[in-house]
Participant: 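I have a structure I would like to understand better, so I am pasting it below and will then ask my questions one at a time.
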There are 2 protein chains.
Amino acid sequence: MTTRTGRPPRLSRAQILTAASELIAQDGADALTMRRLAARLDVTPMAVYHHVRNKEELLLLLLDEVAAGIERPELPDDPRERMIRAARTMHDTLARVPWAVEVLTADDLLSPAALWYPEQIVDAAVTCGLSAADAVRAYRAIWYYTAGEILVRAAAARRRAADDRKTFRARLFDSLDHTEWPRLATVADEWDRLTEADTYEPGLRALVEGLLAGR
Amino acid sequence: MTTRTGRPPRLSRAQILTAASELIAQDGADALTMRRLAARLDVTPMAVYHHVRNKEELLLLLLDEVAAGIERPELPDDPRERMIRAARTMHDTLARVPWAVEVLTADDLLSPAALWYPEQIVDAAVTCGLSAADAVRAYRAIWYYTAGEILVRAAAARRRAADDRKTFRARLFDSLDHTEWPRLATVADEWDRLTEADTYEPGLRALVEGLLAGR
DNA sequence: ACCTGAACACCGTTCAAGT
DNA sequence: ACCTGAACACCGTTCAAGT
C-alpha cells in the first residue's frame with residue numbers, strides 16, 4: 001500500500017483538456033494559449049505545466065480526444081460507395097474540428113483510432129481493383145482534397161467573421177478587367193454563391209471516379 | 001516644384017519587402033517577425049511601421065510580389081490538357097512559396113495578377129462542355145486538391161526538419177494492430193516511400209477526368 | 001518626413017522556492 | 001507531489017519625442 005504524500009491535486013489532466021476544448025470551441029484555436037487556459041482554470045500558468053509537458057503535448061492530447069470520438073458508420077457493401085462514404089465521414093468529422101486539421105495537416109495519418117478512415121478507403125480501393133500502391137496514392141489524393149477543403153473553408157469562415165476580406169474580393173471582382181479575364185467576368189456575380197455552397201461530395205465523387213477509371 | 005522637407009529616408013518599402021522575402025526564404029515563414037525584420041534592416045521595429053501599416057499589410061504586399069512574378073506558359077490547345085497544365089503551373093508556382101498558400105488559404109482567388117489561373121481553368125472547363133457554374137465548381141475542387149497538397153507537403157517538410165514526428169509515425173506503424181487494420185499493415189512498409197513521392201499530377205488527372213466525365 | 005525609445009499587453013517556458 | 005512567483009526571451013503595436 002503506497003502512501004501518497006504531498007498536497008492533494010487541485011488540477012487534473014482531464015480538467016485541463018476540458019477547459020482547453022471549451023476555449024477552442026468558444027473562441028477558436030488561436031484563443032488557446034497556456035496563459036488563458038490557466039486563467040480559466042484559476043491557476044498559475046505553470047500549474048498547467050505540471051500536468052502537461054508543453055503546448056504541443058496538449059494539442060496532441062486534444063487530437064487524441066477527437067480521434068477517440070470518431071464515428072464508424074456502417075459502410076455500403078459496394079466498394080466504390082464505401083470509399084466515398086468513408087471519405088465523407090472523415091471529412092464531416094474533421095470539419096467540425098478544423099483546428100485539428102491545422103494541427104496535423106502534415107500527418108495524413110492521425111492517431112491510432114483514426115486509422116479507421118485510411119483503412120477503409122485503402123481497402124475499398126483495392127477491392128475496386130487498384131494495386132496496393134495505387135490504393136495508397138488514391139487515399140492520399142482524397143486526403144489532399146479533403147484537407148484542402150476543410151482548411152480553405154475554415155479560413156474563409158474566419159475571414160467572414162473578421163470581415164476584412166469580403167470587401168477585398170468584391171473590390172477584386174469590381175475592378176475585373178472584362179477583356180483580360182472574360183470568363184471570370186461572366187461568373188463574377190455567381191462566385192460568392194457558388195463558393196459558399198457545400199460541394200465537397202460532388203468533387204469527391206469526381207475524384208473517386210477518376211481514380212477508379214476503367215475498373 | 002514641391003520642396004521635400006524632413007530627413008531623407010533610410011528605408012524604403014522595396015528594401016523591407018526584399019529583406020522580408022530573404023527572411024522567409026532562409027528560415028521559413030515563422031521567422032518573419034516585425035522585430036527580426038527590423039533587426040535585419042538595422043533599424044528600430046517601429047521604423048518598419050512607417051512604411052507598412054502592419055504585419056498583415058506586409059504579408060499582402062509579399063503576396064503581390066509572388067503574384068506579379070507568376071508564370072504564364074503557353075498552354076495546349078486541347079481544353080482538357082489546358083486545364084491540367086494551368087493547374088499544374090499554379091501548383092508548381094505556389095509550391096515554391098508554401099507560406100503564401102498558408103497566408104491566403106482562404107481566398108481561392110489571389111491578387112489580380114494570379115487570376116490568370118482560374119481564368120484559364122474555368123475557360124477550359126467551359127470549352128470542355130461544363131456549364132459556367134460547374135466550371136467554377138470544378139475550379140474549386142482543383143483548388144482544394146492543390147492547396148491541400150501544398151499545405152500537407154509543406155507541413156510534412158517542416159516535420160521532417162524538426163524530426164519530431166518521424167518517430168511518431170514509425171511508432172504508430174510498428175504498433176499497428178494487424179488484425180484491426182489489415183490493409184494498412186500490408187502497406188506499412190511502403191507508406192513512407194509512397195508518401196514522399198510526388199503524385200500531384202496523377203491525382204490531378206484523375207480529378208479532372210472525373211470532373212469532365214461524359215464530355 | 002522619417003526615425004528612435006520607452007512602454008503596453010501579450011506569448012511560451014525555465015527555474016527556484018514554498019507547502 | 002503539487003503549485004506559486006519571479007523572471008527570461010520573445011511577440012505586435014501605440015504613443016510621444018527627437019531631428
Side-chain angles (χ1 to χ4, degrees), chain A residues 1-24 26-63 99 102-103 158-159 162 164-165, chain B residues 1-24 26-63 99 102-103 158-159 162 164-165:
Chain A
M1 184 175 174
T2 51
T3 319
R4 307 292 245 93
T5 60
R7 74 162 99 164
R10 277 180 47 203
L11 213 55
S12 70
R13 209 172 235 215
Q15 270 176 68
I16 291 174
L17 291 177
T18 306
S21 301
E22 289 169 2
L23 261 179
I24 291 179
Q26 281 174 28
D27 304 318
D30 290 343
L32 179 62
T33 74
M34 298 303 266
R35 297 179 108 106
R36 255 200 278 251
L37 178 58
R40 172 178 260 266
L41 290 162
D42 210 34
V43 293
T44 336
M46 295 322 300
V48 178
Y49 281 85
H50 199 265
H51 298 263
V52 151
R53 196 202 309 271
N54 51 29
K55 190 173 181 179
E56 205 197 327
E57 194 188 71
L58 176 61
L59 288 171
L60 290 177
L61 290 170
L62 287 171
L63 279 185
W99 62 268
E102 287 166 41
V103 170
R158 269 199 297 274
R159 297 280 145 98
D164 58 324
R165 197 81 157 223
Chain B
M1 185 174 171
T2 52
T3 319
R4 306 293 246 94
T5 60
R7 76 160 99 164
R10 277 180 48 204
L11 213 55
S12 71
R13 210 171 233 215
Q15 270 177 69
I16 290 174
L17 290 177
T18 306
S21 301
E22 288 169 3
L23 261 180
I24 291 179
Q26 280 172 29
D27 304 317
D30 290 343
L32 179 61
T33 72
M34 298 303 267
R35 297 179 107 106
R36 255 200 278 252
L37 178 58
R40 172 177 260 264
L41 291 161
D42 211 36
V43 293
T44 335
M46 295 321 302
V48 179
Y49 281 86
H50 199 264
H51 298 263
V52 151
R53 195 201 310 271
N54 52 26
K55 190 173 181 179
E56 206 198 325
E57 195 189 71
L58 175 61
L59 289 171
L60 290 177
L61 290 170
L62 287 171
L63 278 185
W99 63 267
E102 288 165 42
V103 170
R158 269 199 298 273
R159 298 278 145 100
D164 58 324
R165 198 80 160 223

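The basis for the numbers below is simple: all heavy atoms, side chains too, and nothing from hydrogens, waters or symmetry mates. A, B, ... follow the sequence lines: proteins, then strands. Residue 1 opens every chain.
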Participant: Could you give the CZ-to-P distance, from B:Arg53 to D:dT14, as a whole number of Å?
Facilitator: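 The answer, rounded to whole Å, is 10 Å.
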Participant: Which pair of heavy atoms, one from B:Val48 and one from B:Met34, lies closest together, and at what distance?
Facilitator: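 Minimum heavy-atom contact is CG1-CE, 4.0 Å.
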Participant: Of the non-hydrogen atoms in B:Ser21 and B:Leu62, which two are nearest, and what is the gap between them?
Facilitator: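 The pair with the smallest heavy-atom distance is OG-CD2, 3.4 Å.
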Participant: For Watson-Crick and G-U wobble pairs within 3.5 Å on both distances, what is DNA chain D written in dot-bracket notation, | included for inter-strand pairing?
Facilitator: ||.|||||...|||||.||
Participant: Expressed in whole Å, how much space separates the C1' atoms belonging to D:dA17 and C:dA1?
Facilitator: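 It comes out at 14 Å once rounded to the nearest Å.
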Participant: D:dT4, OP1 or OP2 - any side-chain N/O from A:His50 closer than 4.0 Å?
Facilitator: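 A:His50 to D:dT4 OP1/OP2: no side-chain N or O under 4.0 Å.
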Participant: Between A:His51 and D:dA1, does any side-chain N or O lie under 4.0 Å from OP1 or OP2?
Facilitator: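 Result: no.
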Participant: Heavy atoms only: give me the nearest A:Leu37-A:Ala20 pair and the separation to one decimal.
Facilitator: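 Smallest heavy-atom distance, with atoms named: CD1-N, 3.6 Å.
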Participant: Is there a side-chain contact between B:Leu59 and B:Leu32 in this structure, where contact means two heavy atoms from C-beta onward sitting under 4.5 Å apart?
Facilitator: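 Contact flag for B:Leu59/B:Leu32 side chains = yes.
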Participant: Using whole Å, report how far CE of A:Met46 lies from C1' of C:dA16.
Facilitator: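 After rounding, the gap between these two atoms is 12 Å.
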Participant: Counting N and O atoms only, with roles assigned by atom type, does the side chain of A:Arg13 sit under 3.5 Å from a partner on the main chain of A:His51, one being a donor and the other an acceptor?
Facilitator: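 Answer holds: yes.
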Participant: Ignoring hydrogens, what is the shortest heavy-atom contact between A:Lys55 and A:Thr33? Give both atom names and the distance.
Facilitator: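 A:Lys55 and A:Thr33 have their closest heavy atoms at NZ-CA, 4.2 Å.
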Participant: Is the backbone of A:Asp30 close enough, under 3.5 Å, to the side chain of A:Asp27 for a donor and an acceptor to pair up by distance?
Facilitator: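 Pair absent, no side-chain N/O of A:Asp27 close to backbone of A:Asp30.
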Participant: Heavy-atom distance under 4.5 Å between the side chains of A:Tyr49 and A:Leu58, does that happen here?
Facilitator: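 No; the side chains remain at least 4.5 Å from each other.
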Participant: Do you know which two heavy atoms are closest between A:Arg35 and A:Pro45, and how far apart they sit?
Facilitator: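 Looks like CG-CG, 4.3 Å.
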Participant: Around B:Arg40, counting heavy atoms of other residues, nucleotides and ligands shown, do more than 12 lie under 6.0 Å from its CZ?
Facilitator: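 Yes, enclosed.
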Participant: Under a 4.0 Å heavy-atom cut-off, which of residues 28-43 of chain A touch DNA chain D?
Facilitator: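 The answer is A:Arg35, A:Val43.
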Participant: Specify the separation, in whole Å, of atom OH of B:Tyr49 and atom C1' of C:dG5.
Facilitator: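 The answer, rounded to whole Å, is 15 Å.
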Participant: Taking DNA chain C as the partner, which of residues 13-24 of chain B come within under 4.0 angstrom of it by heavy atom?
Facilitator: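 Those residues whose heavy atoms fall under 4.0 Å from DNA chain C, taken from residues 13-24 of chain B, amount to none.
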Participant: NZ of A:Lys55 versus P of C:dT13: gap in Å, rounded?
Facilitator: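 Taking NZ of A:Lys55 and P of C:dT13, I get 8 Å after rounding.
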Participant: For a quick test of reading the model, state the closest non-hydrogen atom pair linking A:Arg10 to A:Val43 and the distance between them.
Facilitator: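 That closest heavy-atom pairing would be NH2-CG1, 3.5 Å.
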